[in-house]
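Here is how names work: the chains are called A, B, and so on, in the same order as the sequence lines, proteins then strands, and each is numbered from 1.
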Amino acid sequence: MAVVTRFAPSPTGFLHIGGARTALFNWLFARHHAEHGDGGRFLLRIEDTDRARSTEAAVQAIHDGLTWLGLDWDGEAVSQFARADAHRAAAERLLADGKAYKCYCTPEELAEMRDAARRDGRKRMYDGRWRDRDPSEAPPDINPVVRLKAPQTGETVIGDLVQGQVRVANDQLDDMVLLRSDGTPTYMLAVVVDDHDMGVTHVIRGDDHLTNAFRQSQLYEALGHARPEFAHIPLIHGPDGAKLSKRHGALGVDTYRNDGFLPEAMRNYLLRLGWSHGDDEIIETEQAIEWFGLDNVGKSAARFDVQKLTNLNGRYIRQADDRALTDLVLARLTAAPSAKLAPEASDRLFKGMAGLKERAKTIVELTENSAFYAAERPISLDEKATKAMDAEGRRSLARMRDRLAASETWTEDALLGAAKEEAEASGAKLSAVAAPIRAALTGRAVSPSVFQILTVLGREQSLARIGDALAERPAET
RNA sequence: GUCCCCAUCGUCUAGCCAGGCCUAGGACACAACCCUUUCAAGGUUGAGACACGGGUUCGAAUCCCGUUGGGGACGCCA
């Protein structure tokens, strides 16, 4: 049977890390099966039945987040709200079959029952008082909800693909609400009807839904629908070990995008959170599709660790395409409020990218480290660079300027040779000779190889920047 | 509180299902050293874990029970 998975977020905020991983697993599972000949579709359903909290902006944020991550869904995204008629019809059918009933309890009665259950140490809240009551006793001024007439004895068992066999006694579960008093369907009803109608074969979601699965299982049973396979994956926790939520701060995938993380690094990191393939750490998407399966999903929750994400991101940056990185950097540089880029910016960035990308773990860092290439002269020196331009540094730089100017060829080797000669002649270390050049060229004390920079910048620009630095007032000291 | 789930280095994990190959492997982070024009990267090395207690067994990280700890769920939210 063709595999159909789905990602079903509620549009009440941005796409957070936990949701992103759930989406990734669903996507990977579907794509894996697609490549192995037995179908494989990944659907997107927006669970927007809570009209008060759902927003169009959030729907857009989910689309954007998934798109950025490279998780494409099949067909149009389904709006759950738009399917309300189908949900209602299912409830009506259950009512007609005597598998559901109307309940006229007031909010006050419900609150009392909830308190009583708490007090008596019971999980089951609603006592089923309208289960078999004659509808003629219904109070005229109350719009009823529709509840499922759930089994009261025996147990409900879920054969979960990740959690294994999980069971609960039916007397722990009360009769869930299917239709609210205003006639709108609840999440429980909507999920079951939609998953069935959309042909979903595998429900892969966070294990905070595990207890919902019991109730949904009862609903499938009442509706006469075959249950899909369930796979409840462990949640991702914050550094404090609790379920990820707003209070953990930067958690929307868009935040990570802004912070300079690459989608491929994000995918790799998220994949390794709760899933493994032996000791493999660097797993690119093609490989992940090939390897992914639910049997290698762990059962315990994982904590989100930015440091590991950052390390992975650095690796992906190092192997990223120079052109793509240049575009990413240029976009950020251009967006900066103080942006005044040299005409040669793009060209220099691209030529220097090989040396630049070895030294950055995020695109933000890469951009900062790249700015000197894009800048117009004269460039300003930061504190450490200024220090390198002390009296001795200036003398050394002045001599180096003459050597560089005299160099017949402008290649890394030739330029490095010139610096070595200077070091030899002045009895200084090569690092001492390089420091002021670096300061003059980049305005900083840390950069890629100065000889590479010299060649990327070219003879004219390099000499000009050195001239600018030498023309500055000497640093006090 | 009740129900359900989980439990290997600080973190992510391999090993567990089919006990011995485990003086428990890898990765991130950390420390030292090497390489080196700075910083990274890279290389070498180091420190660092089977939550606890009982069983079962010739033998348990692996199987069973309990304890403790953590998490999740208990809505006319999703």
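The phosphate of G42(B) (OP1 or OP2) has a side-chain N or O of R318(A) nearer than 4.0 angstrom. Side-chain nitrogen and oxygen atoms of T49(A) include at least one within less than 4.0 Å of the OP1 or OP2 phosphate oxygen of A78(B). In this model, the phosphate group of A27(B) is not approached by any side-chain N or O of R315(A) to a distance below 4.0 Å at OP1 or OP2. Within the structure, every side-chain polar atom (N or O) of T211(A) is placed at least 4.0 Å from both OP1 and OP2 of C74(B). Distances shown here put every side-chain N or O of R167(A) at or beyond 4.0 Å from the OP1 or OP2 atom of C4(B). Proximity of N311(A) to the phosphate of A29(B): a side-chain N or O atom is located under 4.0 Å from OP1 or OP2. Applying the 4.0 Å criterion to OP1 and OP2 of A41(B), one finds that K361(A) has a side-chain N or O inside that range.
Nucleic acid contact for V145(A): base, since at least one base atom lies under 4.0 Å from a heavy atom of the residue. Within 4.0 Å of H232(A), counting heavy atoms only, lies no atom of the nucleic acid at all. Among the protein residues, V166(A) comes within range of the sugar-phosphate backbone only, with heavy atoms under 4.0 Å from sugar or phosphate atoms but none that close to a base. Looking at heavy-atom distances under 4.0 Å, S276(A) makes contact with sugar-phosphate atoms alone, never a base. Residue I437(A) is out of contact with every strand shown, counting any heavy-atom pair closer than 4.0 Å. The residue N212(A) sits close to a base: some heavy atom pair falls under 4.0 Å. Residue C103(A) is classed as having no contact, given no heavy-atom separation below 4.0 Å to the nucleic acid. Base contact: P448(A) has a heavy atom under 4.0 Å from a base atom. F451(A) comes within 4.0 angstrom of a base, heavy atoms only. In this structure, R303(A) reaches the sugar-phosphate backbone alone: every heavy-atom distance under 4.0 Å involves primed, P, OP1 or OP2 atoms, never a base. Among the heavy atoms of the strands lying under 4.0 Å from E281(A) is at least one base atom, whether or not backbone atoms are also near. Nucleic acid contact class of S300(A) (heavy atoms, under 4.0 Å, all strands): sugar-phosphate only. No contact: G314(A) has no heavy atom under 4.0 Å from any strand. No engagement by A435(A) is indicated, since no non-hydrogen atom pair under 4.0 Å with the nucleic acid exists.
Atom C1' of A14(B) sits at a distance of 7 Å from the matching atom of G25(B), rounded to the whole Å. Rounded to whole Å, the P atom of U11(B) lies 12 Å from the corresponding atom of C50(B). With both ends at atom C1', the span from G75(B) to G19(B) equals 47 Å, rounded to whole Å. Nucleotides U57(B) and A73(B) have their P atoms positioned 42 Å apart, rounded to a whole Å. Distance noted for atom C1' between A24(B) and A60(B): 13 Å (whole Å). For the P atom pair drawn from A7(B) and A51(B), the interatomic distance equals 10 Å after rounding to whole Å. Comparing U23(B) with U67(B), their C1' atoms sit 29 Å apart, to the nearest whole Å. Here the separation of U8(B) from G15(B), taken at their P atoms, is 14 Å to the nearest Å.
Base pairing analysis places G42(B) opposite C34(B); the two distances defining the Watson-Crick or G-U wobble pair are each below 3.5 Å. If you check G75(B) for Watson-Crick or wobble pairing at under 3.5 angstrom, you find it has no partner at all. Summarising the base pairing, A14(B) is matched to no nucleotide, lacking a Watson-Crick or G-U wobble pair whose two defining distances lie under 3.5 Å. Applying the Watson-Crick and G-U wobble criteria (two distances, each under 3.5 Å), A7(B) pairs with U68(B). Across all strands shown, U56(B) has no partner, as no Watson-Crick or G-U wobble contact with both distances under 3.5 Å is found. Checking A49(B) for Watson-Crick or G-U wobble geometry (two distances, each under 3.5 Å) identifies no partner in any strand.
The base of U11(B) has none of its N or O atoms less than 3.5 Å from a complementary donor or acceptor on the side chain of R272(A). Between the side chain of S447(A) and the base of U38(B), no donor-acceptor pair of N or O atoms lies under 3.5 Å. Between the base of G25(B) and the side chain of D279(A) there is a donor-acceptor pair shorter than 3.5 Å. The base of C12(B) sits within donor-acceptor range of the side chain of K308(A), with an N or O pair under 3.5 Å. The base of U37(B) is paired with the side chain of R438(A) by a donor and an acceptor separated by under 3.5 Å. Contact of D48(A) with A78(B) (side chain to base): no donor-acceptor pair of N or O atoms is detected under 3.5 Å.
T153(A) and N170(A) share no donor-acceptor pair across their side chains, judged by distance under 3.5 Å alone. Between the side chains of R205(A) and T22(A), no donor-acceptor pair is found at a separation under 3.5 Å.
Where L309(A) and S449(A) meet RNA chain B, the nucleotide closest to each residue was compared, and L309(A) sits on the side nearer the 5' end. In terms of position along RNA chain B, the nucleotide closest to A302(A) lies nearer the 5' end than the nucleotide closest to the other residue of the pair A302(A) and Y187(A).
Ring centroid separation for the pair F214(A) and Y220(A) does not come in under the 6.0 Å cut-off. Ring pair F14(A)/H16(A): centre-to-centre distance not below 6.0 Å. Between F25(A) and W275(A), the ring centre distance reaches or exceeds 6.0 Å.
Nearest nucleotide to the D305(A) side chain, out of G75(B), C28(B), C3(B): C28(B). Here the nucleotide nearest the side chain of M188(A), chosen from A78(B), C76(B), C12(B), is A78(B). Comparing A78(B), C12(B), C76(B) by their nearest atom to the side chain of S181(A) picks out C76(B).
Distance, Q216(A) CD to A78(B) C1': 11 Å, rounded to whole Å. Whole-Å rounding puts the H277(A) NE2 to A27(B) P distance at 17 Å. Separating the CG atom of L271(A) from the P atom of U13(B) is a distance of 11 Å, rounded to the nearest angstrom. In this entry the distance linking CG of L235(A) with P of G70(B) reads 17 Å, nearest Å. Rounded to whole angstrom, the span from the CE atom of M266(A) across to the P atom of C28(B) amounts to 18 Å. Rounded to an integer number of Å, the gap from CG of N296(A) to C1' of C16(B) is 13 Å. For the pair M400(A) CE and U37(B) P, the computed distance is 14 Å after rounding to whole Å.
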Go through it in stages, so that I can follow the logic: the residues are Q319(A) and E284(A), the test is side chain to side chain donor-acceptor pair (under 3.5 Å), and I'd like the CA-CA distance, side-chain angles, deciding distance and then a yes or no. CA-CA 12 Å; Q319(A) 67 177 55; E284(A) 293 185 56; 3.3 Å; yes

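Using a 4.5 Å heavy-atom cutoff, the side chains of F292(A) and L271(A) are in contact.
Cation-pi geometry between R147(A) and Y126(A) is satisfied (NZ or CZ under 6.0 Å from the ring centre, within 45° of the ring normal). Remark: R318(A) fails to qualify as a cation-pi partner of Y316(A) under the 6.0 Å distance and 45° angle criteria applied to the six-membered ring. Remark: R51(A) is positioned above the aromatic ring of F81(A), its terminal NZ or CZ atom under 6.0 angstrom from the ring centre and at most 45 degrees off the axis.
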